[in-house]
Structure formats: C-alpha cells, structure tokens
Amino acid sequence: MELTVKAFAKVNPYLKILSRESDGYHQLDLGLLSINLADLIKFREIDSKEIVVKTDAPIPQQENLVFKVARELQNRCGSPRRGAEIVLDKAIPTGAGLGGGSSDAAATLIFLNQLWNCNLEEDELISIGEEFGSDITFFFYGGYCRGRGRGTQIEKTRNPFKDRWIPILVPPFSQTTPQAYRKYDETHPQIDTDAPQTNENVRGGNTDPDQFTITNDLQGPVMKLNPELQSYLSPLEKTRTLQTVGLTGSGSALFGISRRDVSQEEIAGSLDKFPEAAELYLTHPVDRGQQIFRIKW
Ligand code: C5P
C-alpha cells in the first residue's frame with residue numbers, strides 16, 4: 001500500500017517564556033494552531049529493510065528528521081522488519097517557525113506505524129517524537145492547542161480562530177531556533193520564573209478573537225538578530241483587514257489573524273506593498289495535524 005498525506009504547518013498565536021532550565025531549555029506557555037499550508041509526503045513499503053527519503057530539500061538524508069524518526073520506529077517495530085520509500089514534497093518554508101520538519105516527523109511516525117503494522121500506541125509514538133524535537137508532540141493533536149513545559153505538554157482547546165484567515169509572510173532569510181533563544185537569554189539574564197500568566201485568558205477557549213493580540217517573547221530578540229524584518233512587519237501591521245500580526249515561533253515568518261467577516265479577496269487586495277523577495281501565503285486553520293490525501297494499492 002502507498003499513502004500520500006498532507007502534513008500541516010502551524011503558527012503560534014502566543015509564546016510566553018516562563019523560565020530557563022539548567023540545560024538551557026525553556027519552560028513555555030504557548031498556543032499552537034494548525035493551518036492548511038502543507039508538505040505532501042508519500043509513504044511506500046518496500047521489500048528490503050532500507051529507508052529511503054527522496055526530497056528536493058537541500059538536507060542530507062541522515063540529518064532529515066523524517067529519516068531519523070523512521071529509523072527509530074523501525075528499530076522499535078517487531079520483526080519482520082520492513083523498509084520504506086518516503087517522497088517528501090516540501091511546501092512549508094524551512095527556518096521560518098512554521099513547524100514543517102516537526103509536522104513531517106509526526107506524520108512519518110503515524111503513517112509508517114500503520115503501513116508497517118507496528119501497532120505502537122500513540123503515547124509511544126509521541127515519546128519517540130519528543131526525543132527528536134519539542135514541537136513534534138503538537139502535531140499528533142493538531143487544531144488549536146495550548147502547550148506547556150518545553151512545549152510538549154499539549155492540551156487541545158476550542159479554536160477561537162477557526163473562521164479567520166491566516167496570512168503568512170515569509171521573508172527571504174531564515175532564523176534558527178537555538179540562536180533565537182540564545183539572543184533571548186542574552187537580553188534577559190534574569191528570567192522571572194514568576195512571570196505573570198498573561199495568557200490565562202486563552203485557556204479553555206474563552207478568548208474573544210476580536211480582542212486577541214499576537215504576543216511572542218522571541219519577537220524582540222529575533223528583530224534584533226534581523227533588523228530588516230521590520231520592513232516586513234510594518235506594512236503587515238498597517239493592513240486594515242488584519243486584527244493582529246506577529247512572529248510565529250522563532251521566525252523568521254510573520255503572520256496575521258484577519259478581522260471578522262473579511263473575504264479572501266479583501267485580504268489579498270489589502271496586502272500589496274511588501275518587499276518583492278517575500279513569499280505570501282493565505283491560509284486558514286484546520287482541526288488536525290495531518291490528513292490522508294491519496295491511497296493506492
Ligand atoms: O526541541 P528542539 O530540538 O526543537 O529545540 C531546538 C532548540 O530550541 C533547542 O536546542 C533550544 O535551544 C531551543 N528550545 C528551548 N526551549 C524549548 C524548546 C526549544 O530553549 N522549550
């Protein structure tokens with residue numbers, strides 16, 4: 001059997017850094033929202049035990065998260081062990097804070113578990129994912145979630161943004177996550193571990209999307225690292241069809257949440273004055289992390 005699936009991207013409506021652990025990781029309180037910008041991944045079982053990842057993305061196979069989690073799953077899967085050919089068609093920009101690699105990894109664990117008949121419980125798949133990245137857990141839930149701890153304690157909540165458009169603006173440069181956190185640490189030598197829980201109102205789905213403001217503690221540090229990001233943020237901030245705009249994750253992508261009852265044509269019409277090299281996507285929320293697109297025998 002061959003399965004082709006869509007692995008959806010995410011944005012972070014809020015990201016609050018609460019404290020820093022001794023190993024350098026940070027305790028977070030963040031919102032994660034699935035959107036319909038997706039990588040397309042084809043999984044096909046093969047007779048040999050090999051795992052082959054085919055992709056245009058300029059990344060060596062051994063370093064590809066998809067390859068790493070597939071190999072780990074294969075090790076944990078009972079015999080007879082089988083292999084897979086995985087064709088990864090990337091549409092989600094990388095180094096942009098959109099969670100593409102993590103979404104691909106979660107999809108790989110879910111659908112190879114099925115294709116190989118490994119019968120591992122979801123909890124076990126999630127714990128494999130966690131070994132390879134803090135963002136992967138969310139993609140097992142998808143939709144709108146609150147994340148705590150390192151971002152791996154996920155709680156699915158009602159999605160207050162589901163009727164809104166989510167434009168994504170990707171500048172022509174990327175940003176790595178460790179560098180963004182390092183810059184945050186430099187500018188916040190004493191992290192207040194009793195930081196006020198400014199995002200409590202998001203919990204339980206009682207957020208009013210008409211009052212919502214995107215907040216991200218990494219935005220300041222990432223703007224310092226990339227001062228040119230301001231020339232992308234300023235026009236987005238002035239776009240009258242958008243309720244709120246900000247950075248997603250550790251960037252470099254910016255996104256907006258539209259005002260109530262605006263059409264996609266109105267948004268497209270209002271978003272016309274960005275530096276040319278930027279890529280702009282108009283997306284909307286989806287209620288899952290991935291979706292089967294095509295099944296072939
Ligand atoms: O877990 P992941 O590999 O995605 O994390 C990438 C980097 O992001 C880590 O090396 C760390 O610098 C930073 N990070 C963090 N605190 C988190 C998640 C990630 O400091 N909760």
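Just so you know, these numbers use all the heavy atoms, side chains as well, and skip hydrogens, waters and symmetry mates. Counting starts at 1 for both ligands and their atoms, following the listed order.
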Item to check | The one among P178, S134, G151 that brings a heavy atom closest to atom 18 (C) of ligand 1 | outcome: S134
Next on the checklist: My understanding is that we take every heavy atom of each candidate and find the minimum distance to atom 16 (N) of ligand 1. Doing that for R150, H26, E21, which one comes out nearest?
Outcome noted: H26
Checklist entry - Which one of Y184, Y25, F132 has a non-hydrogen atom at the shortest distance from atom 19 (C) of ligand 1? => result Y25
Item to check | For atom 14 (N) of ligand 1, closest protein heavy-atom neighbour | outcome: Y181 CE1, 3.5 Å
Item to check | Qualifying residue for side-chain contact (heavy atoms from CB on, under 4.5 Å) with L32, from F138, Y14, Y141, F139 | outcome: F138
Quiz: residues 106-114 side-chain donor-acceptor pairs under 3.5 angstrom, not counting sequence neighbours:
from	atom 1	to	atom 2	distance (Å)
T108	OG1	D104	O	2.7
N113	OD1	N119	N	3.4
N113	OD1	L120	N	3.0
N113	ND2	L120	O	3.1

Checklist entry - Would you call K16 and D217 a salt bridge, using N to O less than 4.0 angstrom? => result yes
Checklist entry - Looking only at heavy atoms, what is the nearest atom pair of R164 and R259, with distance? => result NH1-C, 3.5 Å
Next on the checklist: Starting from atom 6 (C) of ligand 1, what is the nearest protein heavy atom, named by residue and atom, and what distance separates them?
Outcome noted: T177 CG2, 4.1 Å
Please table the atom pairs, donor to acceptor, closer than 3.5 Å between any side-chain atom in residues 124-137 and protein atoms at least two apart or in another chain.
from	atom 1	to	atom 2	distance (Å)
S127	OG	E124	O	3.0
E131	OE2	R76	NH2	2.7

Next on the checklist: Can you tell me which residue among T177, L225, T248, I17 is in a side-chain contact (heavy atoms from CB on, under 4.5 Å) with L218?
Outcome noted: I17
Item to check | Contact atoms of ligand 1, heavy-atom distance to L28 under 4.0 Å | outcome: 21 (N)
Checklist entry - Which atoms from ligand 1 have a heavy atom of G24 less than 4.0 Å away? => result 20 (O)
